[in-house]
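Following: one structure in structure tokens, then a few remarks.
Because the structure is a prediction, the values reported are computed rather than measured. Basis for what follows: all heavy atoms, side chains included, without hydrogens, waters or symmetry-related copies.
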Amino acid sequence: MELEMLINKYYNNLNENDRLTLRYIINHKRECARMSITDLATYCNLSRSSILRMTKKLGFSGFSEFKYSLKSDITFNKLEKENYYQQLNMAIETTLKLFRATDRLQIYHRIQMAEHIYAYGTGWAQRNAVLELKRNFLSCDRRIIDLTAKKEFEIARQYFTERDLLIIISLSGEIKEIIEDIRMLKFKHVPVLSITDSDFKNNELATLVPYNLYFQSINFSQRKNGNSIVNPTSLGTLFVLIDTLFFDYLFRNDGK
């Protein structure tokens with residue numbers, strides 16, 4: 001959701017009180033969306049000015065705009081009870097809204113100038129997205145080297161330089177298996193672009209890397225499929241984002 005994305009984006013600007021307050025808000029969105037700034041401040045044992053400063057750290061003009069964003073998140077959650085087409089339409093709109101809100105020029109500059117572009121997907125659907133990204137960018141003479149397994153990623157990591165670009169596609173951004181590698185890349189100033197779901201609160205990947213893009217997945221309630229219980233998740237918007245990234249890059253660089 002938009003709030004989680006902004007927390008990831010501005011995480012380093014937030015103090016401990018901000019983070020505790022936002023953790024409470026995320027877990028009680030419906031109740032907080034009905035509170036005034038005075039009510040929220042009183043409940044969190046903070047001053048009104050502290051709440052206002054926190055919202056401005058997230059890029060909002062004030063508490064009213066913050067509450068509007070919160071209500072939009074709640075509206076999206078209600079759509080789970082409606083049909084898939086409505087949810088997909090809303091998820092695409094949210095994904096495109098997050099895309100438009102991102103400063104993409106630096107990302108495109110990195111894509112254009114990188115000596116080597118590497119991409120790593122943390123799951124099956126994410127690896128398919130890497131292949132789609134690779135296919136698209138090959139048409140404009142930008143070759144992407146896809147790293148198909150963790151071991152391959154670990155071997156290639158030692159050759160990454162600050163003149164390259166690494167793209168990591170992950171659903172949650174929780175990548176414990178390669179988090180130490182990411183920290184080392186940050187130390188070496190290797191540019192990394194994360195592409196992750198906007199709905200995860202503990203998106204460590206997004207907080208560690210300089211460039212982020214977000215998609216909005218669709219999570220459905222538990223369903224019984226034969227003898228199995230499944231929690232279906234639609235990642236169709238990931239592929240919408242991949243196409244949007246490519247064509248936006250292509251048209252911005254057309255004729256250059």
Side-chain angles (χ1 to χ4, degrees), residues 1-13 22 26 29 55-62 64-79 85-114 117 119 126 129-130 132-133 136-137 139-140 142 144 165 167-173 191-201 203 205-207 209-219 234-256:
M1 296 300 187
E2 184 177 16
L3 179 56
E4 282 84 348
M5 182 203 77
L6 292 172
I7 292 171
N8 287 325
K9 182 177 180 180
Y10 297 111
Y11 187 84
N12 292 331
N13 297 336
L22 287 166
I26 286 172
K29 284 184 179 180
T55 63
K56 290 188 174 181
K57 287 178 185 179
L58 296 175
F60 295 104
S61 60
S64 295
E65 187 179 10
F66 173 79
K67 275 187 65 174
Y68 179 81
S69 175
L70 204 57
K71 289 176 180 177
S72 296
D73 280 359
I74 294 168
T75 299
F76 183 87
N77 289 335
K78 285 181 178 178
L79 286 175
Y85 301 106
Q86 290 173 301
Q87 293 186 66
L88 179 60
N89 183 59
M90 179 66 82
I92 290 173
E93 287 183 3
T94 300
T95 298
L96 295 178
K97 177 182 176 183
L98 296 175
F99 183 80
R100 288 192 296 268
T102 302
D103 181 4
R104 302 175 312 270
L105 293 182
Q106 292 186 53
I107 296 174
Y108 296 159
H109 177 73
R110 288 292 184 182
I111 292 173
Q112 193 171 33
M113 303 306 294
I117 303 175
Q126 294 90 317
V130 166
E132 185 66 13
L133 197 67
N136 279 341
F137 276 93
S139 67
C140 62
R142 288 275 69 197
I144 294 177
L165 174 66
I167 302 171
I168 300 180
I169 303 178
S170 167
L171 177 61
S172 67
V192 180
L193 165 64
S194 74
I195 299 177
T196 58
D197 189 350
S198 65
D199 200 25
F200 281 81
K201 305 176 185 66
N203 190 338
L205 173 62
T207 65
V209 305
Y211 308 111
N212 312 109
L213 290 173
Y214 298 92
F215 59 93
Q216 175 65 68
S217 67
I218 307 172
N219 299 304
S234 171
L235 298 183
T237 48
L238 168 58
F239 294 88
V240 171
L241 176 59
I242 292 299
D243 263 10
T244 304
L245 170 64
F246 169 68
F247 285 105
D248 191 55
Y249 170 85
L250 182 67
F251 295 144
R252 282 177 184 262
N253 291 279
D254 191 27
K256 294 184 180 179

Handout entry: Distance (rounded to the nearest 0.5 Å) between Y211 OH and I168 CD1
Key = 14.5 Å
Fill in the blank from the handout: Those residues at least two apart in sequence (or on a different chain) that pass side chain to side chain contact (heavy atoms under 4.5 Å, CB included) with A114 are I117, R142, L165
Exercise for the section: Return the set of residues passing ring pair (Phe, Tyr, Trp, His ring centres under 6.0 Å) with F137 (not counting sequence neighbours), or none when no residue passes. Expected result: F246, Y249
Practice task
Side-chain contact test, heavy atoms from C-beta onward, threshold under 4.5 Å: evaluate it for K97 versus R100 and give yes or no.
Solution key: yes
Problem - I144 side chain near N136 side chain, heavy-atom distance below 4.5 Å - result: no
Handout entry: Residue pair E4, S198: steps toward the side-chain hydrogen bond (donor to acceptor under 3.5 Å, both in side chains) verdict
Key = CA-CA 6 Å; E4 282 84 348; S198 65; over 6 Å; no
Practice task
May I ask you to check whether over 12 heavy atoms, not counting those of F239, lie within 6.0 Å of atom CZ?
Solution key: yes
Practice task
Taking all non-hydrogen atoms of both residues into account, name the closest pair between E132 and D243 and its distance.
Solution key: OE2-OD1, 3.9 Å
Problem - Backbone N/O of L98 and side chain of T102: donor-acceptor pair under 3.5 Å - result: yes
Completion exercise
side-chain hydrogen bond (donor to acceptor under 3.5 Å, both in side chains) test vs S217 passes for just one of T237, D197, T196, namely D197
Handout entry: Residues, nucleotides or ligands: over 12 heavy atoms within 6.0 Å of K57 NZ
Key = yes
Problem - Heavy-atom side-chain contact between N203 and N212 under 4.5 Å - result: no
